[in-house]
Chemist: 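Supplied in structure tokens, the structure appears directly below.
This is a predicted model, so every value here is computed, not measured. When a ligand or atom number is given, it counts from 1 through the structure's own listing order. All residue numbers in this chain count up from 1 along the given sequence.
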Amino acid sequence: MRLRHALPAMVFTLSLAAAPATASQSQHTLATPDIPVANVQAHLSQLQTIARNNGGNRAHGRPGYKASVDWLRAELDGAGYRTQVQQFSRNGATGYNLIADWPGGDESNVVMAGAHLDSVTAGPGINDNGSGSAALLEVALTVARDGVAPDKHLRFGWWGAEELGLVGSTHYVDSLSFTERSRLDAYLNFDMIGSPNPGYFVYSSSGQPSGSQELEDLLKGGFAARNVPTEPISIGGRSDHAAFARAGVPVGGTFSGAEGWKSSSQASKWGGSAGVPFDRCYHRSCDTTSNINATSLDRHTDVIAHAIYTRTGAAT
Ligand code: DPN
Ligand code: CA
Ligand code: ZN
């Protein structure tokens, strides 16, 4: 009799002890979110309105850039991010980086994702790079809505003056101490992800300083899970991952194509038109919300969320 009573008591004790572990585990195994593309498109409309109200662009040193930073910062502050605006100066004008930290996680293991927020002066810069900027904003808001508590610390960066030669991101990396740099576990870059004649490119880790096979596989795996074929691409020094790579931080990213032309084999696997650019409005006034392929924007955004949730330990 004693034994038969003792057994259920022991099971009861074990299950009590296991309960908190199960609760915290369920936070760590949150499914990768499926981000509604309409939310990302709404941010792009906002950026286009900001450009329209400020002389047609969101370029460094122009009022449309600062208005973009102010809007983005308010969105992130409202969601519970710790935000900072970092200033620099270039060509006689003040530039701004916006850094947003999600409170919590291991600050000696920081996963950082970034996108440049400035446009060229020719137009509103909705694909280049409203798209990467809006996708990161929506992923950040999703993290907040989900109440995600990742193992690693999560930080987002929106860079100024990329179009003048990667100025903002370089300034940010230069501003970090050796210790702060060594705490960066990864830097993921998103520059043009909604191209109207889209490709599905993942930054190649080979031949890229600080290229990371792990990050390349993580991003490729995100597309593969959605049955989207990818190609590796060598971006070299053409976007904001470059300064992080030089500092020895593992880098990766995705890209839907700029002025280059889609080949016929690319058109057969991805659809769209061969023999024309991925983005015929690259750096032109027609880079508006009409210059966005919603399927590309949706897929890249979902893959960004997958990579961020997985790399930080928010999802497994
Ligand atoms: N650096 C981009 C721009 O802002 O013009 C274009 C680009 C991005 C080109 C990534 C190639 C690869
Ligand atoms: Ca989606
Ligand atoms: Zn760009």
Chemist: Looking at the Zn ion (ligand 3), is there an N, O or S atom belonging to Glu162 that lies under 2.8 Å away from it?
Modeler: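 It does not; every qualifying atom lies at 2.8 Å or beyond.
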Chemist: If you take the centroid of each ring, where Trp contributes its six-membered ring, are Phe223 and Phe201 closer together than 6.0 Å?
Modeler: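 Between Phe201 and Phe223, the centre distance exceeds or equals 6.0 Å.
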Chemist: Considering only heavy atoms of His283, which atoms of ligand 1 have at least one such atom less than 4.0 Å away?
Modeler: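 Near His283, meaning under 4.0 Å from one of its heavy atoms, ligand 1 has 3 (C), 5 (O).
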Chemist: With sequence neighbours excluded, tell me which residues meet salt bridge (Lys or Arg N to Asp or Glu O under 4.0 Å) with Glu138.
Modeler: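 Checked Glu138 against salt bridge (Lys or Arg N to Asp or Glu O under 4.0 Å); matches are Arg145.
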Chemist: Taking a cutoff of less than 4.0 Å between a non-hydrogen atom of the residue and any ligand atom, is Ile235 in contact with ligand 1?
Modeler: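 Contact present.
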Chemist: Listing by chain and number, which protein N, O or S atoms are under 3.0 Å from the Ca ion (ligand 2)?
Modeler: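 Only Asp34 OD1, Ile35 O, Asp298 OD1, Asp302 OD1, Asp302 OD2 fall inside 3.0 Å of the Ca ion (ligand 2).
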Chemist: Name the orientation class of the two ring planes belonging to Tyr187 and Phe244 (parallel below 30°, tilted from 30 to 60°, perpendicular beyond 60°).
Modeler: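 Tyr187 vs Phe244 ring planes: parallel.
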Chemist: So, Glu259 and Arg238, do they make that salt bridge, N to O below 4.0 Å?
Modeler: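 A salt bridge links Glu259 with Arg238.
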Chemist: Could you check atom 1 (N) of ligand 1 against the protein and tell me its nearest heavy-atom contact, residue, atom and distance included?
Modeler: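 I find the closest protein heavy atom is Arg238 O, 2.5 Å.
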Chemist: What class does the angle between the rings of His171 and Phe88 fall in, given that below 30° is parallel, 30 to 60° is tilted and above 60° is perpendicular?
Modeler: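 Because their plane-to-plane angle lies in the 30° to 60° range, the rings of His171 and Phe88 count as tilted.
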Chemist: Under 4.0 Å from a heavy atom of Glu162: which atoms of ligand 1 are those, numbered in the order shown and with their elements?
Modeler: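 Answer, ordered by atom number: 1 (N), 2 (C), 3 (C), 4 (O).
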Chemist: Can an N, O or S atom be found in Glu163 less than 2.8 Å away from the Zn ion (ligand 3)?
Modeler: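 Looking at Glu163, which is the residue asked about, there is no N, O or S atom under 2.8 Å from the Zn ion (ligand 3).
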Chemist: Distance under 4.0 Å to a non-hydrogen atom of Asp128: what atoms of ligand 1 satisfy this?
Modeler: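 Those of ligand 1 that fall under 4.0 Å from Asp128 are 3 (C), 4 (O), 5 (O).
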Chemist: Nearest protein heavy-atom contact for atom 10 (C) of ligand 1: which residue, which atom, what distance?
Modeler: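 Result: Phe255 CE1, 3.5 Å.
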Chemist: Could you list all the disulfide (SG to SG under 2.5 Å) pairs where at least one residue sits in residues 258-294, not counting sequence neighbours?
Modeler: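 Qualifying pairs: Cys281-Cys286.
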Chemist: Polar contacts were defined as any N/O atom of the residue lying under 3.5 Å from an N/O atom of the ligand; does this apply to Asp191 and ligand 1?
Modeler: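 Between Asp191 and ligand 1 (N or O atoms, distance only) the closest approach is under 3.5 Å.
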Chemist: Is the gap between the ring centers of Phe190 and His300 under 6.0 Å?
Modeler: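 Centroid separation for Phe190 and His300: 6.0 Å or greater.
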Chemist: Please list, chain by chain and in numerical order, all residues satisfying salt bridge (Lys or Arg N to Asp or Glu O under 4.0 Å) with Arg155, sequence neighbours excluded.
Modeler: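 So Arg155 forms a salt bridge (Lys or Arg N to Asp or Glu O under 4.0 Å) with Asp101.
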